[in-house]
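First up is the structure itself, then whatever we jot down about it.
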Amino acid sequence: MTHIAQGSAPQLHWLQQRLASRGLPASAGASGLPSWLPRDWQGFYLPSGCWINVDPLHQASLPPRLRLCLEQGIPLLELDGAWQALGADFGFMLLLGAESAPPPDALALLDALAPLPAAWLRCGPAGSARYTRQVWEALLFMLRRQPPPCPSTPTAPDWETALREQWRLWEQLVRLSQRYLRERKLPEDNPTARRDFAEAPRQQEHYAASLAGLIVQADGCQQAWRQLWDDFAAQTPLRPKN
């Protein structure tokens with residue numbers, strides 16, 4: 001199985017290194033490259049007929065590219081993930097957006113890029129991988145904003161600032177999730193959101209929709225959040241002991 005690669009972003013170079021180390025180097029020429037591909041396409045094209053789109057800066061709109069592939073009768077696979085140089089040696093955390101299960105040659109390429117075969121997640125249709133990565137990165141950012149206190153220099157945590165920042169980020173997550181559901185004409189008030197999300201991710205047909213539904217439903221607890229905010233704001237800040 002051969003593939004044709006294009007792109008200059010560092011992560012695409014790391015992906016190529018990973019594939020080469022797994023015995024899947026890119027073809028030397030572009031003789032199998034179709035003329036209908038956009039000039040600025042980035043990712044991998046499989047001569048058997050499959051485009052794995054890797055847009056490092058997320059500048060290209062996916063719907064036009066999806067329509068283009070539908071006109072040509074080939075699948076468009078949206079590939080996203082946590083791109084780090086160490087992935088060239090140990091594999092990448094991969095998120096996939098695809099209308100249906102990838103064809104066999106694309107499966108072989110994804111398995112080679114991942115830490116282990118099948119150790120990647122199909123999040124739903126095209127666009128789902130980008131949404132899922134944005135949510136995960138936002139949640140990690142929330143966790144890292146408040147580092148654990150240092151025992152040698154104890155200080156009182158600034159709960160007011162921390163809660164205000166997390167509240168603003170949470171509101172952005174809710175808006176992002178609502179837009180994701182609306183664009184796909186999915187209900188925002190799914191009563192089974194918790195049960196759907198509790199299923200193993202690989203067993204879900206549309207993991208991103210389950211995630212978005214859970215976030216939107218959790219926003220219904222905003223009254224409890226506001227009460228927590230009021231409770232903290234009413235307390236006198238703790239002062240370090242001399």
Side-chain angles (χ1 to χ4, degrees), residues 1-83 87-88 91-114 117-118 120-134 176 179-186 205-209:
M1 189 268 290
T2 60
H3 63 277
I4 300 171
Q6 177 169 300
S8 58
Q11 50 264 55
L12 288 165
H13 175 65
W14 301 332
L15 291 168
Q16 279 294 91
Q17 287 183 316
R18 175 68 177 176
L19 290 174
S21 70
R22 310 299 286 181
L24 297 175
S27 58
S31 57
L33 194 63
S35 59
W36 55 265
L37 275 173
R39 286 188 176 184
D40 61 344
W41 77 276
Q42 298 196 66
F44 308 106
Y45 181 79
L46 306 181
S48 60
C50 180
W51 176 10
I52 301 180
N53 182 69
V54 180
D55 185 3
L57 299 178
H58 299 136
Q59 293 179 333
S61 176
L62 284 173
R65 298 194 164 192
L66 181 60
R67 288 193 297 269
L68 181 62
C69 287
L70 289 175
E71 292 171 359
Q72 301 299 323
I74 73 165
L76 173 69
L77 308 183
E78 173 210 11
L79 189 62
D80 209 326
W83 308 128
F92 298 90
M93 184 201 80
L94 298 178
L95 302 172
L96 181 70
E99 302 300 321
S100 57
D105 51 355
L107 281 175
L109 189 144
L110 293 170
D111 286 347
L113 290 174
W120 45 271
L121 177 63
R122 176 172 169 258
C123 304
S128 62
R130 182 179 302 184
Y131 164 78
T132 302
R133 181 195 54 78
Q134 289 174 324
L176 176 69
R179 183 170 69 247
Y180 182 84
L181 294 172
R182 283 196 300 267
E183 288 176 348
R184 287 150 187 81
K185 297 179 172 58
L186 297 174
E205 182 65 22
H206 196 163
Y207 171 83

Can you name the one residue among Leu107, Leu46, Ile52 that meets side-chain contact (heavy atoms from CB on, under 4.5 Å) with Pro102?
Leu107

How far apart are the closest heavy atoms of Trp41 and Phe44, and which atoms are they?
CZ3-N, 3.7 Å

In this structure, CG of Asp111 is separated from CG of Leu24 (nearest 0.5 Å) by 10.0 Å

Looking at OG1 of Thr132 and CG of Asp80, how far apart are the two atoms once the value is rounded to the nearest 0.5 Å?
9.0 Å

Donor-acceptor pair, Asn53 side chain versus Glu78 backbone, under 3.5 Å?
no

Over all heavy atoms of both residues, which pair between Gln16 and Ala26 is shortest? Give the atoms and the distance, please.
NE2-CB, 3.2 Å

With side chains defined as the heavy atoms from C-beta onward, is the minimum distance between Leu12 and Trp83 less than 4.5 Å?
no

Whether the side chain of Arg122 engages the backbone of Ala98 through a donor-acceptor N/O pair (distance < 3.5 Å, no angle test) should be reported.
yes

What heavy-atom pair brings Tyr180 and Gly127 nearest, and what distance separates the two atoms?
CE1-O, 3.9 Å

Flag the pair Leu19 / His3 as yes when at least one side-chain heavy-atom distance between them is below 4.5 Å, and no otherwise.
yes

Under 3.5 Å, is there a donor-acceptor pair between the side chain of Gln6 and the main chain of Arg39?
yes

Are there more than 12 heavy atoms of other residues, nucleotides or ligands under 6.0 Å from atom CD of Gln72?
yes

Counting C-beta onward and ignoring hydrogens, is there a side-chain heavy-atom pair between His13 and Pro10 closer than 4.5 Å?
no

Give, for atom CD1 of Ile74 and atom SG of Cys69, the distance between the pair rounded to the nearest 0.5 Å.
4.5 Å

For Gly49 and Pro75, which heavy atoms make the closest approach, and how far apart are they?
O-CD, 3.4 Å

To the nearest 0.5 Å, tell me how far Tyr131 OH sits from Leu181 CG.
6.5 Å

Looking at every non-hydrogen atom in both residues, tell me the closest pair between Cys123 and Ser128 and how far apart they are.
C-OG, 3.3 Å

Using 0.5 Å steps for rounding, measure from the NE2 atom of His206 to the CG atom of Leu186.
6.0 Å

Smallest separation among heavy atoms of Leu37 and Tyr45, with atom names
CD1-CD1, 4.0 Å

Any side-chain heavy atom of Pro38 sitting closer than 4.5 Å to one from Leu68?
yes

What is the distance from atom CZ of Arg184 to atom CZ of Arg179, rounded to the nearest 0.5 Å?
10.0 Å

Result of checking Leu79, Leu96, Leu95 against Trp120 for side-chain contact (heavy atoms from CB on, under 4.5 Å)
Leu96

Give a yes or no answer on whether the side chain of Arg65 reaches the backbone of Ser61 with a donor-acceptor pair at less than 3.5 Å.
no

Spell out, as yes or no, whether a donor-acceptor pair under 3.5 Å connects the side chain of Arg18 to the backbone of Ala112.
yes

